[in-house]
Asks: 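A single structure is presented below for examination.
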Amino acid sequence: MQSRAHLWFIGPAMALMFIVLLIPILIAVGLSLTDYSLGNQGAEFVGLENYERIFTRSTYEKMFVATFRYVFVVVPLTVGLGLGAALLIHSLGRFGDLYKTIYFLPVMAALIAMAIVWEFAFHPTIGIINSTLEKGCGTFLEAWPWYAKGCERTFPLWLNDRDYAIWTVSFIGVWQGFGFNMVLYLAGLTSIPPQLYDAAEMDGATRGWDRFRLVTWPLLGPTTVFVVTISFIRSFQVFDMVEAFYPQGGGPSKSVFVMMFAIYEKGIQQNLMGIGAAITVVFLAFVMVLTVIQRWLVERRTHYV
Amino acid sequence: AEDKIVVEFGYPYSHLFDVTYEAILPKFYAAHPNIEIKMRATYESYEDGTNTILREAVAGNLPDVTMQGLNRQAILVEKGIARSLEPFIAAEADFAKDGYHKAMLDLGTFGDEVYGLPFSISLPVGYYNMEVMAKAGYDATNLPATWEDVVQACVKLREAGVDNPMFWGWNITGNWFLQALMWSQDKPTVEGNDFQLDSDEGLVALETMQNIFTGCEMQNLEWKSALASFSAGDLGMMYWSTSAVGAVERAMGDFTLVTNEYPGITAEGPMGLPAGGNSALLTSTSDDPEQLAAAWAWLKFITSGEGAADVARTTGYMPPNQAANEIILADFYAENPAKATAVRQLPLLREWQAYPGDNGLAATQVIYDGLEGIVTGEYEDMAELQEELSEEVQDLLD
Amino acid sequence: MSEARAQSFRFNTGAATTHAILIVGALIVLLPFYTMISLSLKAPHEIMQQTGGFIGAQEAFRDDYCVKLGNAAENCMVNPIIYNYSTAFEKAPLVRYLLNGLIVTVSIFVIQVLVALPCAYALAKLRFWGREAVFALVLFCLLIPVHAIALPLYIMLAKAGLTNTYAALIIPWTISVFGIFLMRQFFMTVPDDLIDAARMDGMTEFAIIWRVMLPTAIPALMAFGIFSVVAHWNDYFWPRIVITGNRDLFTPPLGLREFKGDADGDNFGPMMATACIIVTPLIVCFLLAQRRFIEGITLSGMK
Amino acid sequence: MARIQLDQIEKRFGDTPVLKGVSLDIQDGEFVTLVGPSGCGKSTLLRILSGLEAADSGRVVIDDRDVTGVRPADRNLAMVFQSYALYPHLTVAENMMTPLRMRDLTPVQRMPVVGPLIARGPHRDMRKQASDVAETLKITALMDRKPGQLSGGQRQRVALGRAMVRKPLAFLMDEPLSNLDAALRVHMRAELSELHRRLKATFVYVTHDQAEALTMSDRMAVMMHGDILQVGAPDEIYLDPNTLEVARFIGSPAINTLPAEAQGDGLLHVLGVSKPAPMTTTRQPVTVGVRPEHLVLKEAGRFSGTVRHRENLGADVFLHLEMAGLQQPLVLRATPQDAARIALGDNAAFDFDPADMLVFDAQGGRLRATTPAREVA
Amino acid sequence: MARIQLDQIEKRFGDTPVLKGVSLDIQDGEFVTLVGPSGCGKSTLLRILSGLEAADSGRVVIDDRDVTGVRPADRNLAMVFQSYALYPHLTVAENMMTPLRMRDLTPVQRMPVVGPLIARGPHRDMRKQASDVAETLKITALMDRKPGQLSGGQRQRVALGRAMVRKPLAFLMDEPLSNLDAALRVHMRAELSELHRRLKATFVYVTHDQAEALTMSDRMAVMMHGDILQVGAPDEIYLDPNTLEVARFIGSPAINTLPAEAQGDGLLHVLGVSKPAPMTTTRQPVTVGVRPEHLVLKEAGRFSGTVRHRENLGADVFLHLEMAGLQQPLVLRATPQDAARIALGDNAAFDFDPADMLVFDAQGGRLRATTPAREVA
Ligand SMILES: Nc1ncnc2c1ncn2[C@@H]1O[C@H](COP(=O)(O)OP(=O)(O)OP(=O)(O)O)[C@@H](O)[C@H]1O
Ligand SMILES: Nc1ncnc2c1ncn2[C@@H]1O[C@H](COP(=O)(O)OP(=O)(O)OP(=O)(O)O)[C@@H](O)[C@H]1O
Ligand SMILES: [Mg+2]
Ligand SMILES: [Mg+2]
């Protein structure tokens, strides 16, 4: 029906996609089979050696662990909080703008600056977090063994404690990311026809939850598909924050050694482009499988029209 | 003005060095009116500097002169990006008189040819908060001289109610502090392609570290946190590069700061210490002799004489060159005793070694991870760690 | 509108609870910003020791930089706020950087919209052979991390002689698969009849995109715009890679690095001042943009 | 089963007053139809009654309880929306079952997978109810489709079905049959009447279809520009409208209006013809309304006009007659047989019984006859 | 002004065949109405004709040009959508001006701010055109509103207006008047007829309103389950339907059907009464259809039934008569006067003229009389 219009529409996008994304990634795939290092004249073909390393060295095991911990904490929380905030804000007439702006602030702030701020906040002794916690010492909170231990000795190092680092970083990831999902959900909420809420009300959906289940959630389907997909990808691609906190090494005992950081460390910091590229390929394969699964689970249910 | 020769120049840490160049430039222009120095975007760190140069090498737009971390010179030399300075040195009438200390010149010498001239030099020193130290009965005269002393001091401080007595900068880039412990026993960390951690000295170094960490119950702080803790007066002792003196002085609270010699493994003190800092490399791709001459003129100016003296005046670093330290800056060190400690240690100056080969940086990282394991308590048996690290690193270096 | 109405049935305690939750959330969210602003107001020693409350004592302190240039110490006493902010503007030519940021982000966004919207429309509403394949490709590209392709891309740009130009900052971002995906999801919610009506009204497919799809998807476009602008305004990684020569091409976040000293001590005051300054235009833009969210186009012309 | 009282309801959108103090008292179990021109505020009134829209002033009382502040769901009303408002993600069956699920199931029983398992009985009942209604609506075959796959009329029936599955106090229906074909509409009319009889629920019904309004309702309320002009039994509204506006609005084709002169002596001059009109009035210009079916073709008719247009509706033919002195043509209903004898352009003579005249004064108010008019001639 | 030919159009949605080879030839300037039960495929057919939907097979020919592959915009047709499909972000005026802007302005002239400045003339003309149409539609006061602020009927008029501003080859209208009140509908009927006369454009018009179909159209096409059953002048369809289905569908209330027995001798036994039916047929069971207006109350009528229900439409009253041997009540149209004499539950005698009988065989096919039937009695 539409003649050949679609060629014009997808053409530029496809062309750019090839030039800017696909050709470089193909180059990367090629490099992953070599031991190329930037500045060298040539490179040797090493077959799958780089891949073998990824799956045999313990460092890389830590890489997978860190990545998965981060993703599976951050994705549910950013999506959940994003949706929650959007719903609450949407239900408010006034002041909505204010909250919206506040919650979006972390998205807008330059991460390297915020990383420094968080480092101050999480400073083990004089940081605001621990000094606030210390104020609670001697109160009923001490009944909590963890708290008592903190009072007795010190509260956790947070960012530099290998038991806490990944969770602390995840917390900051949530802090930084949920505002963005909130905006997407707000956009999604505006495209829900208001008559449907009327219908739901007449049908007896009295509780907010019922209206949510009956109208909001299903109609946010396309938005949710998008938000979840993007959150997944973004948290798999978490990097800036890790680099800002742990420019060297990927956190205490490599507990925050996420995949993107590994790619960066190998490919850019250490100039081992071969391995870096190999991690990239593994990364892509990984995220792709997850995305396919996730889409298979979600997308099926959201096509109405 | 049109036929001015433009020399492109890149350097790291603008916050630290901008002021240095701002001080140097007028003097340089006065001496070389026909040269214009074009400052490139600064490097964010030494690592960034090296990566940038490597990228620019591939892209073919290298600067004429670049400042690189002392331990990063090797890689650029290996990859043929840095140019040998020998032809220029040969052309100079009395190069050594300009004050280049042999040891310093060695830092930039590879295979008998000089590639880099050091610009700013730092050495590890001890920082002490004298008010805190006083709680355990220390004063300027009896500060710890060995790591044993340090651990004892920690115990005393802790008894005196100091929760967090000490920080030891194991995490400084390039395994600087490991090399410090190795050089302290006069043992290089690498010889040729051989990693030397599997020596007895290696084990001593690791065990010393472990003693320090466990004896002081040291927290695994990031350097910013450590600096903050020290500035806030939490810490009694901090072992770190002398280059941070300026930052500490600026940030510290109301207490007396004293810097003192880096402790040794034995009472004699360290037998050598690795030099930190950066040096100037000629990376010009030009074949034009005039251009090269101009680049050399700038390179020489900043690493010697009056230009070099400004390094000490404006930063916590030492100038690369003996003359500057001994003559030009005598008064300066009298006024700034905290900066003088490193100068006193100058005779100990040794190379900050890079691990050879493409995997050099990966090796650095492996060692870094290993050291961190000591701090976090992941490794308890140092002999085992020694074996593990040696094997893995050696594997990378071969 | 409907939700707002539903509001009136709820007891006021409902609204109060909502506010309570949102306020608690807001406090947590704001904590670092409080710190950030506070740091940008304080003297270096107050920052490092974390003393001085929110704005610090505002006592004059000695500016080392000035001293090092050979000035007498008493001439170099500065007030923290003035020092931090003036340094931010002088040391880093922040005005220039902001302008660069503006040029770059606006160009990127405009091109992204021009490229992504038609593609999103085709993927959402046109039926053609290979559509699923194209969409799969888009999804795949979404997965590609920029860090992984940075070096190949850098070399490609270098070979084209484009490093250290605005083009280098813009070209890699002209294609936003994110945008394509986002807009496609929203276009899917636009009723087909509306597009059919436009076709009957004589709109070309091209006109439909700009005259029908775009206005009805304004909230999504806003979201996309905010995302794109924020991402590229704050991007630190890429400009750092391609702008190695000329500081005049720096984007605002690169201004932050003027104050980095790493292990030798960062200059936090001006750094935080810079951070505050570069986030301000974004906040202003967001406030302006979110008005459009509110009057979001609900698809009400339909039966 | 509820008595609904609307009391002085006012509503404005921005500056535009939409309802100007509407009062209406609907008896328990009554079927009341709201008719009125497009945009007069019918939907708005329904929405206020349902609670979906808040009135600016006035009260809504259901069963003697002021529900002004009560939320729509708690008023126990069912509504058919003019715009259908179907849930796009649910199938027809699910759409229809929604009100039952929401009202009759506990939250646990509503849970996606578990619900149907632990509460088989209720779920089976609900499905039964929905499919019964679907049968009535003739959409059984569509139960598994999504609204997007339905035709306009099918959607409307689903919307209707969603209301019909319930047993609410009252049904509010906003043009529920507008997209159905005539046959189906007649069928649905009967079904709705049956529903009304069976449940004895109150109905408030908005329609544009006069046949619906006239045949189904106990009472009709004629709304115009935000006011209710007349409420009464359909017959009464049709035969005895209070104002010219109402007379004009009810009846299709619309009533014919003729300028006339009341003589004050019980006679009326209409287009030069005298008609008895026993009403207490002084000499004044009036308007006479005569419905098309009351104009009868008659050889001896005292009026005549030229046939300009004929509308053939199968059962009847409407002739449009042009007459001197009248701007608008008169419309006359003839049987197809009679009409067949008259060609376009012919002159047709006709007359009407004075008893069928509706007389209005210059302001459009009705002037009622004191005794039934009877023609002398 | 276009001749439109639909040739063997087939369409299925998934497994459901929706159009089963529909052919229709529409003359230049003709007004053709599509009627048929809800869901029979009318909208789909219009969409195929407009090019918005692709047929699975078959051709669409406009003015002898096969347009099967031509894009909708290039077919120069105007369409009114059943779902209105107004641009939610544009005002009423802008909605109506859109087709003009798109077709008559250059891209430069269409530019937001500059456009109206550099092309004042065209813009003024367009606004004039739009406001003329708005006047016809009585929505002048709403020109600056957005669709969300309109009532259902107002939206529908805007949708209509958007088509009416143009002068296309043909108008396709999908129930354009369904949400309008009777008075307005009559008005719009006249306006559309006027438009048709003025532009001499072809009209393809979908409606459920029989009055519309019968009065406006040159020809009617009756569609059922994806097929066109009969095409012809309204009169012809009403009076002379080809099948029982058509007869049942056209006419409201629907035609009465009585079981009968053809004797093969020109007589027909209907409920025990013999009626002459001069048709060439053998002895067989047939169905007789008689329209409600052809049943006449008559003291001497040979049929009689009990009045179970009366529908008062003002102008007429429909009596529903229950008769022994019939499942469905018969519907009889009476004048209000006649009806007033008969109470619910009374027995009413009636009869009908055999000439008014429509006879169908067991398959629903029409059995035509060879000579007009004439009653002997
Ligand atoms: N997208 C679709 N998928 C499946 N079936 C569909 C789809 N669209 C329409 N149909 C079916 O096709 C048939 C014809 O639909 P169409 O809209 O043409 O009916 P219609 O004659 O216009 O009916 P109405 O008078 O109710 O508007 C209907 O039975 C409908 O359920
Ligand atoms: N949100 C709104 N903003 C402004 N005016 C509105 C809004 N909603 C409705 N109106 C106006 O209020 C009046 C009454 O609208 P309502 O929907 O009640 O009419 P209605 O009687 O149902 O008409 P219809 O028979 O056409 O559906 C209309 O003139 C309409 O234009
Ligand atoms: Mg309405
Ligand atoms: Mg339809």
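Quick note on labels: first sequence line is chain A, next is B, and so on, each numbered from 1. Because only heavy atoms are used, hydrogens play no part in the values below, and waters and symmetry mates are left out as well, while side chains stay in.
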Asks: Tell me, for D:Leu100 versus chain A, whether the close heavy atoms (under 4.5 Å) come from the side chain, the backbone, both or neither.
Replies: neither
Asks: Counting a contact as any heavy-atom pair under 4.5 Å apart, which residues of residues 31-42 of chain D contact chain A?
Replies: none
Asks: Count the heavy atoms belonging to other residues, nucleotides or ligands that lie under 6.0 Å from CZ of A:Arg207, then report whether that count exceeds 12.
Replies: yes
Asks: Below 4.5 Å from any heavy atom of chain A, which atoms of D:Arg101 appear? Answer side chain, backbone, both or neither.
Replies: neither
Asks: Testing the basics here: between D:Arg71 and A:Ala205, what is the closest heavy-atom pair and its distance to 0.1 Å?
Replies: NH2-O, 4.0 Å
Asks: Less than 4.5 Å to any heavy atom of chain A: does that hold for the side chain of D:Tyr87, its backbone, both, or neither?
Replies: both
Asks: Please round to the nearest 0.5 Å and tell me the distance separating atom CG of A:Leu214 and atom CD of D:Glu94.
Replies: 10.5 Å
Asks: Under a 3.5 Å distance rule, please check whether A:Gln195 uses its side chain to pair with a backbone N or O of D:Ala85 as donor and acceptor.
Replies: no
Asks: If you draw a 6.0 Å radius around CD in D:Glu194, do more than 12 non-hydrogen atoms from other residues or ligands fall strictly inside?
Replies: yes
Asks: What heavy-atom pair brings D:Leu86 and A:Leu196 nearest, and what distance separates the two atoms?
Replies: O-CD2, 3.1 Å
Asks: Measuring from atom CE of A:Met202 to atom CE of D:Met102, what distance do you get when rounded to the nearest 0.5 angstrom?
Replies: 14.5 Å
Asks: Quick one: pull up CZ in D:Arg162 and CG in A:Asp203 and give me the separation to the nearest 0.5 Å.
Replies: 5.0 Å
Asks: Run the salt bridge (charged side-chain N to carboxylate O under 4.0 Å, His left out) test against D:Asp132 and tell me which residues pass, sequence neighbours left out.
Replies: D:Lys128
Asks: Counting C-beta onward and ignoring hydrogens, is there a side-chain heavy-atom pair between A:Asp198 and D:Met79 closer than 4.5 Å?
Replies: no
Asks: Heavy-atom count check: over 12 atoms from other residues, nucleotides or ligands less than 6.0 Å from A:Tyr147 OH?
Replies: yes
